[in-house]
Amino acid sequence: MRVDLIVPCFNEEQVLPLFWEEAFRTVSEIPGYEFGFLFVDDGSKDRTLAILRELADEHPEVSYISFSRNFGKEAAMFAALSHTKADYAVILDADLQHPPALIAPMLGAMEEGYDCCTAIRSRKGDPKLRTWFSRKFYQLMNRISDVQLKDGAGDFRMMNRKMIDAVLSLQEVSRFSKGIFSYVGFRNKEISYENVERAAGTSKWSFVKLFRYALDGITAFSTFPLKFAAFMGGCFSFAAFVYLLVLVIKTCISGIDVPGYASTIALILLLGGVILLCLGIVGEYLAKIYTEIKRRPVYLIGESRLKEREPEESGPEED
Ligand code: UDP
Ligand code: MG
């Protein structure tokens, strides 16, 4: 059985040697499997690619794909899953926040007959505000979407061939992996681990980026916001109709009175705001349709070395 470790790397020169050392040592101690490393350099500006080249020169089990620019972690994972030929693939971060020590228990789960084994991290040491927003996001997402996401379940998981092929069969361009993994289903085993700090370097995720990612996730797996817009429209129309009736009856009974200026302005502002909000929601989906329909490639490869398939493969290539 072949197991590929899939590692997206974006400006990870500081931590990559540490990762390699620990991951390589860990998998060497697991008997009975053949391990390969598939690194994806996501358009790093530092020495990440140079380090990967050296590793690939020295070690037959190391392959890498290098993007022409930064396409994001989702693209990196998709590229690696598309290229791996292994029976099992496990996705790990390069910063050692995903302990390679969990690979052995994950393989154990695979042997038990599971198709996927997901590592659930605790939120120990995370900023309080971020944890709060994450909790709320998961609650909202689970209520309004067709997928169930688990707080703390990230991309750190092992999958068998059946599951990898299913994940790849979802062909959307803007990919929200947490949702995709949940959407495809299959037998999943969860194992927990304590949150660990990044070994070196800095996180690539800002709060704004995370917020944008959460919105992407919602629009990718739920049409609830659109229904909510329609629902609000319905409520306001109903209220307006009732108010109209009241006005007509009042006018018949006590004649026309001079309406208030403040209430008129307040209503105009309120309705204007609601209309813009709904337009914005529709716009989000429109934007999503627009990016999907262009069918642009999820990533572009600048250089790659994939062992066991072709001995050497270089130069620009589309995928
Ligand atoms: N990463 C990537 N492309 C990006 C951003 C991040 O491939 O545009 C990789 C990064 O190198 C790391 C993993 O995704 O291996 C997780 O990133 P990071 O540790 O910065 O995120 P955090 O752990 O803070 O959520
Ligand atoms: Mg990290």
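Atoms within a ligand are numbered from 1 in the order they appear, just like the ligands themselves. Here the structure is a predicted model, which means the values were calculated and not measured.
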Inset, instruction - Return yes if a side-chain donor-acceptor contact under 3.5 Å exists between Glu292 and Ser174, otherwise no. - result: yes

Inset, instruction - Examine the side chains of Thr223 and Lys227 and answer whether a donor and an acceptor come within less than 3.5 Å of each other. - result: yes

Inset, instruction - Any pair with a residue in residues 126-182 that passes ring-ring contact (aromatic ring centres under 6.0 Å, His included), sequence neighbours left out, goes on the list, sorted by first then second residue, please. - result: His98-Phe156, Phe133-Phe207, Phe156-Tyr193, Phe176-Tyr213

Inset, instruction - Answer yes or no: does atom CD of Glu21 have more than 12 heavy-atom neighbours from other residues, nucleotides or ligands under 6.0 Å? - result: no

Legend entry - NZ or CZ of Lys294 within 45° of Tyr290 ring axis and under 6.0 Å: yes

Legend entry - CA sep, side-chain torsions, deciding dist, call: Glu12, Asp41, side chain to side chain contact (heavy atoms under 4.5 Å, CB included): CA-CA 9 Å; Glu12 301 286 13; Asp41 162 41; over 6 Å; no

Inset, instruction - Compile the protein residues with any heavy atom at a distance under 4.0 Å from an atom of ligand 1; present them by chain, then by number. - result: Pro8, Cys9, Phe10, Glu12, Asp42, Asn70, Gly72, Lys73, Asp93, Ala94, Asp95, Gln97, Arg198, Ser203, Lys204, Trp205

Inset, instruction - Identify which protein N/O/S atoms are less than 2.8 Å from the Mg ion (ligand 2). - result: Asp95 OD2, Gln97 OE1

Inset, instruction - Please determine if Asp4 and Arg2 form a salt bridge, counting it only when a charged side-chain N lies under 4.0 Å from a carboxylate O. - result: yes

Legend entry - Salt-bridge criterion met for Glu303 and Arg53 (N-O under 4.0 Å): yes

Side-chain donor/acceptor pairs under 3.5 Å, residues 249-256, sequence neighbours excluded:
| from | atom 1 | to | atom 2 | distance (Å) |
| --- | --- | --- | --- | --- |
| Thr251 | OG1 | Leu247 | O | 2.5 |
| Ser254 | OG | Lys250 | O | 3.1 |

